[in-house]
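Worksheet for the structure shown next.
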Amino acid sequence: MISKKMEAMVKNSSAIRAMFEEGNRMAAEFGPENVYDFSLGNPNVPAPDGVKKAILALLEEEDPVVLHGYTNSNAGYEDVRQCVAEDLNERFGTSFSARNITMTVGAAGGLNVILKALLNPGDEVITFAPYFGEYRSYTDNYDGVLVEISPNIEDFQPKLEEFREKITQKTKAVIVNTPNNPTGVVYSEETIRKMAAILEEKQKEFKTEIYLISDEPYRELVYDGTEVPYLTKYYANTIVGYSYSKSLSLPGERIGYLVIPDEAADSGRLLDAVNVANRILGFVNAPTLQQKLIAKCIHEKTDVSYYDRNRKVLYEGLQKLGFQCIKPQGAFYLFVKSPVEAEKQFVEAAKKHHILIVPGSSFGCPGFVRMAYCVSYETIVNALPKFAKLAKEYPQLQSCACRQ
Ligand code: PLP
């Protein structure tokens, strides 16, 4: 018999799995070109050429015993961590060194490691809806309690008054994700400053340390020159979780890192704890080949213009049809208001047109749906007439002011 905890998790994750299976079934029945799958955040842009070259060079140059071996430290190779630290220092004016960087198995691995290191049972982790649904499972993995701040559906910037009210003696961490999955919103510098001030105030009030975990796999995926504030500069107890899954299109390679600045409370012991957590959670170390790849490809960039083109065409196409959504500033998701309150009905209706999208309730924000536009340009262009047919089923969209 599986555990009670897993029973609940399997039940909850069945919606996304069902959609995935439905997508495969539809592709087999109607042909993949006739299915418009906007459900997954799996980049359609190939990794930059430099990545392939670097992997081939590593296979040629490196001692295979080293390249395929355990890393000499669970935190990762010192030279790789130093390289990451120097790159951050150059870009954000920080002063990290190898010591502050722990290489992880993607952002998911990093988040699990930091939460394992921080949480006592019953500790609270605050996050802002809409949020990446896995935060709930990651928190629950360590018997923490996820506390949601309700969504601000005007502009999806966090509701700071509610945030202030929900911080308690038990608040151990706050997870923010900017650029955001599922909205594409980037939290403004003003928002970050205010959030930092609230955290300082509450730390004093409760005489606790509250860690701000910045989950930022989409940092580099921004449009129209949008700046993404580097959070360690605004609040000392900030931990950064990064991933190359999206920024270099390497989601299957499972590589990322955590930044634990010296300024963070108890940083020495936290670094030790993270090192051990990486091992005992079974990650052991981030994959050696991928670590060495990152050092070689530190200046490589994905083709953001590809996503930008998709963003514009999908956003403008949907707007014309009367759908409402805010223009994303980053990431590769559009968070669209469902024309009916029960957005799962809308998701089902879209499926009839072979369009696969994810209900907002998976992100703690019912009434909306997420569309991942990290698909081929053709998928978007070919999907728009299907969206047009779908829109006809909702006369209330016709009267929308933004319809052109
Ligand atoms: N955090 C957010 C907000 C994400 O959207 C994702 C993946 O989609 C992750 C974390 C996990 O990323 P990784 O592949 O690096 O584990």
Side-chain angles (χ1 to χ4, degrees), residues 73-76 78-104 107 109-120 123-128 144 158 160 163-164 167 169-178 186-217 219 227-243 256-278 298:
S73 148
N74 298 123
E78 173 101 14
D79 61 328
V80 175
R81 294 155 59 209
Q82 187 62 32
C83 174
V84 168
E86 283 171 13
D87 179 59
L88 293 175
N89 296 344
E90 219 170 86
R91 292 162 60 204
F92 305 115
T94 48
S95 45
F96 303 130
S97 66
R99 156 191 163 75
N100 304 111
I101 311 294
T102 299
M103 301 307 291
T104 61
L111 288 170
N112 273 278
V113 161
I114 191 66
L115 292 173
K116 171 87 175 164
L118 288 176
L119 296 186
N120 289 307
D123 279 351
E124 291 170 2
V125 177
I126 295 182
T127 200
F128 300 88
L160 293 176
F163 176 53
R164 176 184 273 117
I167 299 175
Q169 185 79 40
K170 285 186 168 180
T171 306
K172 192 64 179 282
V174 176
I175 306 179
V176 291
N177 167 226
T178 163
V186 172
Y187 292 178
S188 66
E189 186 175 24
E190 194 196 345
T191 296
I192 300 298
R193 282 191 196 285
K194 286 183 181 161
M195 194 182 281
I198 292 170
L199 285 166
E200 298 285 5
E201 171 197 317
K202 290 290 169 180
Q203 285 193 141
K204 277 205 193 98
E205 182 183 333
F206 294 121
K207 297 189 176 54
T208 52
E209 303 289 354
I210 305 173
Y211 293 89
L212 178 61
I213 302 174
S214 177
D215 176 31
E216 45 187 67
R219 168 165 286 281
E227 297 276 333
V228 185
Y230 204 78
L231 268 53
T232 60
K233 297 201 290 197
Y234 300 85
Y235 180 66
N237 281 342
T238 299
I239 315 276
V240 176
Y242 185 80
S243 162
Y257 59 79
L258 284 172
V259 184
I260 300 178
D262 290 336
E263 296 75 33
D266 212 10
S267 67
R269 289 203 308 158
L270 191 50
L271 285 165
D272 290 343
V274 155
N275 209 329
V276 173
N278 219 354
I298 200 83

Quiz prompt | Passing option when Leu271 is tested against Ile260, Leu258, Asp266, Ile101 for side chain to side chain contact (heavy atoms under 4.5 Å, CB included) | solution = Ile260
Quiz item: Okay, side chain of Asn278, backbone of Asn74: is any donor-acceptor separation there less than 3.5 Å?
Solution: yes
Exercise. Report the C-alpha separation of Thr102 and Asn275 in whole Å, then their side-chain angles, then the decisive distance to 0.1 Å, and conclude whether the side-chain contact (heavy atoms from CB on, under 4.5 Å) test is met.
Key: CA-CA 8 Å; Thr102 299; Asn275 209 329; over 6 Å; no
Self-check item: CD1-CG distance between Ile298 and Asp87, expressed to the nearest 0.5 angstrom
Solution: 4.5 Å
Practice problem: Find out whether the Lys NZ or Arg CZ of Arg219 is both under 6.0 angstrom from the six-membered ring centre of Phe92 and within 45° of the ring's axis. | Solution: yes
Quiz item: Just wondering, are more than 12 heavy atoms of other shown residues or ligands nearer than 6.0 Å to CZ in Arg269?
Solution: no
Quiz item: Between Val240 and Tyr230, is a side-chain contact (heavy atoms from CB on, under 4.5 Å) present by the stated rule, with each step listed?
Solution: CA-CA 9 Å; Val240 176; Tyr230 204 78; 3.7 Å; yes
Quiz item: Are Tyr242 and Val259 close enough that some pair of their side-chain heavy atoms sits under 4.5 Å apart?
Solution: no
Quiz item: What pairs with Glu86 under side-chain contact (heavy atoms from CB on, under 4.5 Å), at least two apart in sequence or on another chain?
Solution: Gln82
Self-check item: Main-chain N/O of Leu118 paired to Lys172 side chain as donor or acceptor, under 3.5 Å
Solution: yes
Self-check item: Reported CD-to-CZ distance for the pair Glu78 and Arg99, which is rounded to 0.5 angstrom
Solution: 11.0 Å
Self-check item: Under 3.5 Å side-chain donor-acceptor pair for Glu190 and Ser188
Solution: no
Quiz item: Salt bridge check: are Lys204 and Glu200 linked by an N-O gap of less than 4.0 Å?
Solution: no
Quiz item: For Lys116, does the NZ atom have more than 12 heavy-atom neighbours from other residues, nucleotides or ligands under 6.0 Å away?
Solution: no
Quiz item: side-chain contact (heavy atoms from CB on, under 4.5 Å) between Val274 and Ile239: does it pass, once the steps are laid out?
Solution: CA-CA 12 Å; Val274 155; Ile239 315 276; over 6 Å; no
Quiz item: Hey, does the side chain of Asn237 reach the backbone of Ala265 with a donor-acceptor pair shorter than 3.5 angstrom?
Solution: yes
Practice problem: Return yes if some donor-acceptor pair links the side-chain N/O of Thr178 with the main-chain N/O of Tyr187 below 3.5 Å, else return no. | Solution: yes
Exercise. Would you check if the side chain of Ser243 reaches a backbone N or O of Gly256 as a donor-acceptor pair within less than 3.5 Å?
Key: no
